[in-house]
A.B. asks: 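First the structure, which I've put down as structure tokens, then a few questions once you've had a look.
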Amino acid sequence: MSDLLAGHSRIVVKIGSALLVDRERGLRRTWLESFGEDVARLVAEGRQVLVVSSGAIALGRKLLKMPKGPLKLEESQAAAAVGQISLSRTYSEILGRHGLETGQILLTLFDTEERRRYLNARATIGTLLSLGAVPVINENDTVATSEIRYGDNDRLAARVATMMGADLLVLLSDIDGLYTAPPAEDPSATHIPHVERITQEIEAMAGAAGSELSRGGMKTKIDAGKIATASGAAMIITAGNRLYPLSAIQRGEKATLFAASENPVTARKRWIAGHLSTAGRLVVDEGALKALRSGKSLLPAGVRLVHGTFRRGDTIAVESETGRTVARGLVAYDAEEARRIAGLRSQDLEAALGYEGRAVMIHRDDLVVEGGDEVALTSTVQEA
Ligand code: GLU
């Protein structure tokens, strides 16, 4: 068996509550320490690791000595408030031993679904990574009500992987991968090491979401897999309960690998290219056109005119001075700000904006250039 982590440089690892918290004894510290060592080793190799950690509610209810059985919403939120602090402190301690800083991020559904907040969350997490810190992410359980919940951290982790352009999502689970049928029900079920594409047949193997824990569990994992693989991340499901769970993957322990459907940047660009309507237009000069065609970002200096009323994160068209649409991308500024900084050089942005701002008008990863990328722009461009 091969090392399934090989070749992956931005890895989201999701840890389930059962791995972190023992009902009787509380936090499973030894396990967490071994996981921390694994993370530190990967980071030392130059990879970026993001942790999506469950366990806040499970740990909080233990600390608060709450009775067994289902909790009311406000009870689980209270438990999460207590558990999350303890969880974050432990991560910070354990990773700190290896000289790593931990950054706590608590997300609600809107943070990955609404574009402005999405860009903010992405910028913050990206900054943490570039500063060498390990983001430890959970749902903001204390404020999320049922309508605005991801509900499960498998889906949250998949959204994080998509948002951050990760190339791998690892789900550390209580089962070592996907089987042809739920093994608890069908002893003849066989393990599937590789899934090229999530077809209906694969979905059927996960079983329906039901009361039985592992079945529902596999269904949410396959749903997470659909989100992740479509955005260009591969996904691994493996048993996380052994010590050094990431080393175990590298050693070739049993797992299921779901192949990514394409690379993350291409997937993102395809998504941008597929937008039929654009919220506005930027007219750019010759120099900027050249820069775009050679794969660079669009800087404010190259922008001559700004048309439309768009918000930061909207898809807008980029035009030449002759009126040809040459690119499409997600803009980093609101229209009003874009007008203020059009034509300005980087060192003048702060004075015009009143705050430091971002160096780019459209980042190259958020930009699809006509003829310049492997993805083609859809031909209809209408202003919304
Ligand atoms: N966010 C929840 C917690 O930290 C866990 C959700 C899940 O396990 O999927 O307790």
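Counting starts at 1 for both ligands and their atoms, following the listed order. As the structure is a prediction and not an experimental result, all values here were calculated from the model. Side chains are part of it too, since the values below use all heavy atoms of this structure and drop only hydrogens, waters and symmetry mates.
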A.B. asks: Would you say that more than 12 heavy atoms from the other residues, nucleotides or ligands in this model lie under 6.0 Å from the CD of E321, or not?
C.D. replies: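 Result for CD/E321: enclosed.
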
A.B. asks: When you compare the side chain of I15 with that of V52, does any pair of heavy atoms fall below 4.5 Å?
C.D. replies: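 Side-chain contact under 4.5 Å: no.
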
A.B. asks: Any non-hydrogen atom of G55 lying under 4.0 Å from ligand 1?
C.D. replies: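 G55: in contact with ligand 1 (<4.0 Å).
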
A.B. asks: Against heavy atoms of D152, which atoms of ligand 1 measure under 4.0 Å?
C.D. replies: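 Counting atoms of ligand 1 from 1, those under 4.0 Å from D152 are 9 (O).
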
A.B. asks: Count I, L, V, M, F, W, Y as connected when their side-chain heavy atoms are under 4.5 Å apart, and connections chain through other members. Are M66 and L59 then in the same cluster?
C.D. replies: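 Yes, one cluster joins them.
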
A.B. asks: Among D154, N153, D152, exactly one meets side chain to side chain donor-acceptor pair (under 3.5 Å) together with K14. Which residue is that?
C.D. replies: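 Exactly one pass, corresponding to D154.
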
A.B. asks: So which protein heavy atom does atom 9 (O) of ligand 1 come closest to, and at what separation?
C.D. replies: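 Its nearest protein heavy-atom neighbour is N153 N, 2.6 Å.
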
A.B. asks: Identify the protein heavy atom lying closest to atom 2 (C) of ligand 1, giving its residue, its atom name and the separation to 0.1 Å.
C.D. replies: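 Sorting protein heavy atoms by distance from atom 2 (C) of ligand 1 puts D141 OD2, 3.4 Å first.
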
A.B. asks: Is Q77 close to D141 at the side-chain level, that is, under 4.5 Å between some pair of heavy atoms?
C.D. replies: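 Of all side-chain heavy-atom pairs linking Q77 with D141, none is under 4.5 Å.
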
A.B. asks: Tell me: protein heavy atom nearest atom 8 (O) of ligand 1, and distance?
C.D. replies: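 For atom 8 (O) of ligand 1, the nearest protein heavy atom comes out as S54 OG, 3.4 Å.
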
A.B. asks: What is the nearest protein non-hydrogen atom to atom 4 (O) of ligand 1, stated with its residue, atom name and distance?
C.D. replies: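 Closest protein heavy atom to atom 4 (O) of ligand 1: N138 ND2, 2.8 Å.
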
A.B. asks: Considering only non-hydrogen protein atoms, determine which one is nearest to atom 10 (O) of ligand 1 and report residue, atom name and distance to 0.1 Å.
C.D. replies: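 For atom 10 (O) of ligand 1, the nearest protein heavy atom comes out as I57 N, 2.9 Å.
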
A.B. asks: For T238 and D176, run side chain to side chain donor-acceptor pair (under 3.5 Å): C-alpha distance rounded to whole Å, both residues' side-chain angles, the deciding distance at 0.1 Å, then the answer.
C.D. replies: CA-CA 4 Å; T238 192; D176 53 13; over 6 Å; no

